[in-house]
Amino acid sequence: MEFEDRVKSLIRSIPRGRVATYAQLAALAGNHRAARQVARVLHSSSRKDRLPWHRVINSRGGISLGRGRGFEEQKRLLKAEGVPADRSGRVDLGAFQWEPPGLHGPRLRPPRIAVVRP
DNA sequence: GGTATGACGGACA
DNA sequence: ATGTCCGCCATAC
């Protein structure tokens, strides 16, 4: 359960007033393709482990929870710590995305290598 | 081993 | 901008 533990630790380290994306957390946890596992961790453990789950949003800067399934609460919790979300749940990533300390030029994803399309 | 799940992401029309 | 398609992979069973 290494990956899951790293994800939880990362989520706990997101400061108030900032957000992180699923893909970002997956990459920081060691697997840039495991965004879905981050979602799964939140789904299954955010309540039990008291995680600041509302600071996790999708790569387009949006709230991924549906209306009536947490959307409103997430928006409210974010607003309460100074992160505004518009009516569609959109947050300005450029202004509020968490940047973990210690990384100079964070390479969250491997460079795209040339690929031939058959 | 296999199947199902999951609050996803990127590419493309 | 919106919507669809498909790859991805850690877990649970």
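Just so it is clear, the structure is predicted and the values come from calculations on it, not from any experiment. In what follows, chains carry the letters A, B, and so on, assigned in the order in which the sequence lines appear, proteins first and then strands, with residues in each chain numbered from 1.
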Shortest non-hydrogen pair, G82(A) vs F96(A), comes out as O-CE2, 3.6 Å

* To do: May I ask you to decide whether R6(A) forms a salt bridge with E2(A), counting only side-chain N to carboxylate O separations under 4.0 Å?
  => yes

- Query: Got a salt bridge between R55(A) and E81(A), using NZ or NE/NH1/NH2 to carboxylate O under 4.0 Å?
  - Reply: yes

In terms of side-chain heavy atoms of [X], which of [options] is nearest?
X      : options                 : value
A39(A) : dA7(B), dC8(C), dC9(C)  : dA7(B)
F3(A)  : dG9(B), dA7(B), dA10(C) : dA10(C)
R36(A) : dA7(B), dC8(B), dA10(C) : dC8(B)
N31(A) : dA7(B), dC9(C), dT11(C) : dC9(C)
S59(A) : dG9(B), dA7(B), dA12(C) : dG9(B)

Over how many whole Å does the gap from [X] atom [atom1] to [N] atom [atom2] extend?
X      : N       : atom1 : atom2 : answer
L25(A) : dA10(C) : CG    : C1'   : 15 Å
Q24(A) : dA7(B)  : CD    : P     : 20 Å
R33(A) : dA10(C) : CZ    : P     : 9 Å
K48(A) : dT11(C) : NZ    : C1'   : 13 Å
W53(A) : dA7(B)  : CH2   : P     : 13 Å
R69(A) : dG6(B)  : CZ    : P     : 11 Å
L42(A) : dT11(C) : CG    : C1'   : 15 Å
R60(A) : dC8(B)  : CZ    : C1'   : 7 Å

Check this one for me: any side-chain N or O of [X] less than 4.0 Å away from OP1 or OP2 of [N]?
X      : N       : result
S46(A) : dA7(B)  : no
N58(A) : dA7(B)  : no
R40(A) : dA10(C) : no

Rounded to the nearest 0.5 angstrom, the CD1-CD distance for I14(A) and Q97(A) is 10.0 Å

**Item:** Within 6.0 angstrom of R47(A) CZ, more than 12 heavy atoms from elsewhere
**Value:** no

Could you measure between the two C1' atoms, the one in dC13(C) and the one in dA7(B), and give it in whole Å? 22 Å

